[in-house]
Amino acid sequence: MRLGLLGLLLTLALPASAAIYSYVDAEGNRVFTDRPGGRAAVPVETKPTNSMAAQPVPPTKTPVKVLKAIAPGYELLDIVQPAPDATIRSNPGELAVSVTSNPALQPGHHYRLLLDGAPVGTPSEGPVLVIDNVDRGSHQLAVEVIDSLGASLQRSAPRVFHMMRTSLAQRRMANPCKKGDYGVRPECPVKDKPKEKKDIPFVPFL
């Protein structure tokens, strides 16, 4: 059995076109070879080996990377007015802000102001935006560009300004309330209107 297995292995290892011979050596062992070398060797009949054609390998699909469209950027986005560290005097707390960008605002984009980090006012395509009723004190102001969905695309560096508003008490001291001012001027609420003295007619004692 061992000799048969050895012969089978030699048959598989040798090329299909090579002839195989078998002989018995001096020690009585059967030898298989393709080079008999003048010995009394007998050709061995071999059966053709089974072979299968190589299956075609499908080409590897290279994944296509979808590139996201990049919104056009702005080399410059800044606030023109108010100037840095400016003091604004406005009793109603009104502030007009002038902005600029380079290149000009792209179609579908808007300017939006940020007061102390929070959006304020109405977005605009124009370079002048107005916000009302800004509290007294120091604030940080910035402008950003938003797309048609309201997403922020770019933001300017913040700048500080100071809002000066005369308090109602100060305005009342500077211009005291008159009878017709109550309920008309903000610093003259109706509740502060003094009560009018009623004239009591004089009735003589009889």
Side-chain angles (χ1 to χ4, degrees), residues 55-194:
Q55 296 297 323
V57 180
T60 304
K61 294 183 179 181
T62 304
V64 179
K65 185 177 181 181
V66 179
L67 299 178
K68 185 179 180 181
I70 300 176
Y74 295 87
E75 297 179 2
L76 173 68
L77 178 62
D78 202 3
I79 296 173
V80 179
Q81 292 291 338
D85 206 36
T87 298
I88 310 299
R89 299 180 183 275
S90 173
N91 289 337
E94 185 178 85
L95 176 66
V97 182
S98 177
V99 301
T100 185
S101 64
N102 185 24
L105 203 62
Q106 301 294 323
H109 292 180
H110 292 78
Y111 295 118
R112 182 169 65 184
L113 295 178
L114 299 173
L115 184 65
D116 298 327
V120 64
T122 303
S124 172
E125 296 179 353
V128 178
L129 300 94
V130 178
I131 51 179
D132 299 316
N133 200 26
V134 179
D135 291 336
R136 290 187 301 165
S138 299
H139 302 276
Q140 284 193 346
L141 183 67
V143 61
E144 64 180 357
V145 174
I146 60 174
D147 61 14
S148 57
L149 299 178
S152 177
L153 302 177
Q154 193 166 333
R155 181 180 299 184
S156 71
R159 67 173 51 183
V160 176
F161 73 96
H162 313 280
M163 175 61 71
M164 298 287 291
R165 298 179 65 175
T166 305
S167 67
L168 296 180
Q170 291 173 328
R171 293 164 64 180
R172 188 168 179 173
M173 290 177 61
N175 184 15
C177 298
K178 298 180 176 59
K179 183 178 180 179
D181 294 335
Y182 291 98
V184 178
R185 291 165 49 188
E187 63 271 23
C188 302
V190 176
K191 66 181 182 64
D192 291 345
K193 184 178 181 180

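All values derive from a computational prediction rather than experimental measurement.
Here Ser101 pairs with Tyr111 under the side chain to side chain donor-acceptor pair (under 3.5 Å) rule; sequence neighbours left out. With sequence neighbours left out, the side chain to side chain donor-acceptor pair (under 3.5 Å) criterion links Ser138 to His162. Every residue two or more places apart in sequence or in another chain that forms a side chain to side chain contact (heavy atoms under 4.5 Å, CB included) with Ser98 is listed here: Val80, Gln81. Partners of Asp78 under the salt bridge (charged side-chain N to carboxylate O under 4.0 Å, His left out) rule, at least two apart in sequence or in another chain, are Arg159. Asp147 meets the salt bridge (charged side-chain N to carboxylate O under 4.0 Å, His left out) test with no other residue; sequence neighbours excluded. Take Arg112 and apply the side chain to side chain contact (heavy atoms under 4.5 Å, CB included) test, not counting sequence neighbours, and it matches Pro119, Pro123, Glu144, Ile146. His110 pairs by the ring pair (Phe, Tyr, Trp, His ring centres under 6.0 Å) definition with nothing, not counting sequence neighbours.
A salt bridge (Lys or Arg N to Asp or Glu O under 4.0 Å) check over residues 114-129, counting only residues at least two apart or in different chains, returns nothing. Residue pairs satisfying the ring pair (Phe, Tyr, Trp, His ring centres under 6.0 Å) criterion with at least one member in residues 113-133, sequence neighbours excluded, are absent. Counting only residues at least two apart or on different chains, no ring pair (Phe, Tyr, Trp, His ring centres under 6.0 Å) pair has a member in residues 76-100.
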Side-chain donor-acceptor pairs under 3.5 Å in residues 174-184, sequence neighbours left out?
unit_1 : atom_1 : unit_2 : atom_2 : d
Lys179 : NZ     : Glu196 : OE2    : 3.4
Asp181 : OD2    : Lys178 : N      : 2.9
Asp181 : OD2    : Arg185 : NH1    : 2.8

Could you go through residues 126-135 and list every donor-acceptor pair under 3.5 Å that involves a side-chain atom there, pairing it with any protein atom two or more places apart or in another chain?
unit_1 : atom_1 : unit_2 : atom_2 : d
Asn133 : OD1    : Arg165 : NH1    : 3.0
Asn133 : OD1    : Arg165 : NH2    : 3.4

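Once rounded to the nearest 0.5 Å, the distance linking CZ of Arg155 with CG of Leu114 reads 5.0 Å. From Ser156, atom OG reaches atom CG of Leu141 across 7.5 Å, with rounding to the nearest 0.5 Å. Atom CZ in Arg136 sits 16.0 Å away from atom CD1 in Ile88 (nearest 0.5 Å).
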**OP:** Output, in order, the C-alpha distance, side-chain angles, deciding distance and verdict of side-chain contact (heavy atoms from CB on, under 4.5 Å) for Phe161 and Leu115.
**Re:** CA-CA 10 Å; Phe161 73 96; Leu115 184 65; 3.9 Å; yes

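What you find for Ala96 and Pro82 is that their closest heavy atoms are O-CD, 4.3 Å. Taking both residues in full, the closest heavy atoms of Ala142 and Pro158 are given as CB-CA, 4.1 Å, listed atom of the first, atom of the second, then distance.
When atom types are taken as modelled, the side chain of Gln154 and the backbone of Leu77 share no donor-acceptor pair closer than 3.5 angstrom.
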